[in-house]
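Below is one structure, written out as structure tokens; comments come after it.
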Amino acid sequence: MKTAKTGNPSLEARVQALRSRHAALEQDIEAEQRRPLPSMSRLRALKSRKLMLKDEMTYYSGLLQTLSSMHRGNPQGAA
């Protein structure tokens, strides 16, 4: 998912940082699953954190889209 350029670099940087952390968690999950005896509690914790990051990314991405729409003068994005 791409972020719209809104002139709000702090929000864009936040979304990018969340994407990086999300990707790192995906790698951690895959590594844990490849272990001979993966820890179910560790997998559950990793997946829970990954889901929280995804929710946060969705929130900030939506906020960026709204701000971008408002910046362009598009009344549909200003709900």
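- A distance of 5.5 Å separates CZ of Arg19 from OG of Ser61, quoted to the nearest 0.5 Å.
- Applying the side chain to side chain donor-acceptor pair (under 3.5 Å) test to every pair with at least one member in residues 43-55, sequence neighbours left out, gives these pairs: Glu26-Lys50.
- Residues that satisfy the side-chain hydrogen bond (donor to acceptor under 3.5 Å, both in side chains) test with Ser20, not counting sequence neighbours, are absent from this structure.
- Ile29 and Leu43 get closest at one heavy-atom pair: O-CD2, 3.8 Å.
- Summarising the geometry, atom CG belonging to Leu53 is positioned 5.0 Å from atom CZ belonging to Arg21; distances are rounded to the nearest 0.5 Å.
- In terms of the salt bridge (charged side-chain N to carboxylate O under 4.0 Å, His left out) criterion, residue partners of Glu32 (sequence neighbours excluded) are, by chain and number, Arg35, Arg42.
- The shortest non-hydrogen separation linking Leu64 to Val15 is CD1-CG2, 3.8 Å.
- Between the OG atom of Ser68 and the CD atom of Glu12 there is a distance of 9.0 Å, given to the nearest 0.5 Å.
- When every heavy atom of Leu18 is checked against every heavy atom of Met57, the shortest pair comes out as CB-CG, 3.4 Å.
- Clustering ILVMFWY residues whenever any of their side-chain heavy atoms sit less than 4.5 angstrom apart, transitively, puts Leu25 in the very cluster that holds Met40.
- Note: the hydrophobic cluster containing Tyr60 does not contain Met52 (ILVMFWY, side chain heavy atoms under 4.5 Å, direct or indirect links).
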